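Okay, structure first, notes after.
Note that the coordinates shown come from a computational prediction; the quantities given were computed from them, not determined experimentally. Within every chain, numbering begins at 1; the chains are lettered A, B, ... in the order of the sequence lines, protein sequences first and strands thereafter.
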Protein chains: 2
Amino acid sequence: MNVQFKKGVLDLCVLAVVAEGDCYGYELVKRISENIEIAEGTIYPLLRKFQNEGYCETYLTESSGGPPRKYYRLTVAGRRMRDQLIAEWTKFSKSVDTIITANKGGRSNG
Amino acid sequence: MNVQFKKGVLDLCVLAVVAEGDCYGYELVKRISENIEIAEGTIYPLLRKFQNEGYCETYLTESSGGPPRKYYRLTVAGRRMRDQLIAEWTKFSKSVDTIITANKGGRSNG
DNA sequence: GTTAGTACCTTGCTTTATGTAGTAGTGTGT
DNA sequence: ACACACTACTACATAAAGCAAGGTACTAAC
């Protein structure tokens, strides 16, 4: 899969998933990778960034069969950012679709 | 507009536009920029790359009011690459849409 | 005690695309 | 002569994102 496509998109994927239910990093890797491959080395720095920017808060819970999980919960600012990124993405992907389809059927070729 | 989103996408935009009718560089900048901002410094190296990789050929035509235009025409390989990139893009953007919508409605949160 | 799965984290590499700014030349209009 | 729109091109700087690889640590299974 084209790595370039992912640039900037994983941010909004993470925010979108966490927005619908608190998640821990390891879980996010598994869940998102079902659709778009993502590595731990990508997720953890991202989550730290989000936390530094005030988009999410964390809390720990015990895990049966492993070290404690660090759950991430979106803040209000995080939700706002998620909405904004999704809007940008939607606009962008529509623009691309316009370009790759709107040229069908010929043009005056001035 | 999120610069990161563009990564890797402009390739397929250029190929898609040229596929539907021969274009020259300056024209591509104008046309694509109607939807997604793109600079000359991005287009020309891209076109050169495509030519080097055998995805397009060029021919010159005179212009009314300016230097001659260098038109780009896709080769068969170029068309194949365009089809492939569009398929990849379509798959990718669908995956993103799945992620940002499929998490609505809650989950067991195990 | 060794392997494997869960879970967290960091460093540094690679990529590689995109944009800025500048060069150069043509034709039109004033 | 000068400015401006059209057209092509390039060198360098910017940007930052994502990944590979390595490290720590707990639990369970053999």
Q.
Determine whether a donor-acceptor pair (one donor, one acceptor, N or O, separation below 3.5 Å) exists between the side chain of A/Glu40 and the base of C/dC8.
A.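 By the distance-only test, yes, there is a pair.
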Check: A/Thr58 side chain, A/Tyr72 main-chain N or O, donor-acceptor pair, under 3.5 Å: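 Side chain of A/Thr58 to backbone of A/Tyr72: no pair is present.
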| query | Got a donor-acceptor contact below 3.5 angstrom from the A/Thr75 side chain to the A/Tyr55 backbone? | reply |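 Indeed, once roles are kept as given, a pair shorter than 3.5 Å links the two residues.
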Select base, sugar-phosphate, or nothing to describe what [X] touches, counting heavy atoms under 4.0 Å on all strands.
X       : value
A/Gly41 : base
A/Glu37 : sugar-phosphate
B/Leu10 : sugar-phosphate
A/Gly25 : sugar-phosphate
A/Ala39 : sugar-phosphate
A/Gln4  : sugar-phosphate

pair B/Glu20-B/Arg82: side-chain heavy atoms closer than 4.5 Å: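 Side chain of B/Glu20 against side chain of B/Arg82, heavy atoms only: contact under 4.5 Å found.
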Heavy atoms, side chains only, cut-off 4.5 Å: are A/Leu60 and A/Tyr71 in contact?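 No. Closest side-chain heavy atoms not under 4.5 Å.
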Could you check how far [atom1] of [X] sits from [atom2] of [N], rounded to whole Å?
X       : N      : atom1 : atom2 : answer
B/Asn2  : D/dA17 : CG    : C1'   : 11 Å
B/Asp22 : D/dT7  : CG    : C1'   : 17 Å
A/Ile43 : D/dG18 : CD1   : C1'   : 11 Å
A/Tyr59 : C/dA7  : OH    : C1'   : 16 Å
B/Lys6  : D/dA17 : NZ    : C1'   : 16 Å
A/Tyr44 : D/dA25 : OH    : C1'   : 13 Å
A/Asp11 : D/dA17 : CG    : C1'   : 9 Å
B/Glu27 : D/dC6  : CD    : C1'   : 12 Å

Checklist entry - Does B/Ile86 belong to the same Ile/Leu/Val/Met/Phe/Trp/Tyr cluster as A/Val3, with side-chain heavy atoms less than 4.5 Å apart forming each link? => result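 They do not share one cluster, since no chain of ILVMFWY contacts under 4.5 Å joins B/Ile86 to A/Val3.
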Q) Starting at the 5' end of DNA chain D, which residue's closest nucleotide do you reach first, B/Lys30 or B/Pro45? A)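 Upstream on the strand: B/Lys30.
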Go through [options] for me and flag the one nearest to the [X] side chain.
X       : options               : result
A/Lys49 : C/dC9, D/dT7, D/dA17  : D/dA17
A/Tyr24 : C/dA7, C/dT15, C/dG25 : C/dA7
A/Lys7  : D/dG18, D/dA15, C/dC8 : D/dG18
B/Ile38 : D/dC9, C/dC8, C/dG19  : C/dG19
B/Arg48 : C/dA17, D/dT10, D/dA8 : D/dT10
A/Arg69 : C/dC8, C/dT18, C/dA17 : C/dC8

Using a cut-off of less than 4.0 Å, is there contact between a side-chain N or O of A/Tyr26 and OP1 or OP2 of C/dC8?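 No, because none of the side-chain N or O atoms of A/Tyr26 sits under 4.0 Å from OP1 or OP2 of C/dC8.
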Task: Nearest-nucleotide comparison on DNA chain C, the residue closer to the 5′ end among B/Thr42 and A/Lys70 - done: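 Result: A/Lys70.
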**Study point:** Ring geometry between A/Phe92 and B/Trp89 (parallel below 30°, tilted from 30 to 60°, perpendicular above 60°)
**Key:**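 The rings of B/Trp89 and A/Phe92 stand perpendicular, inter-plane angle above 60°.
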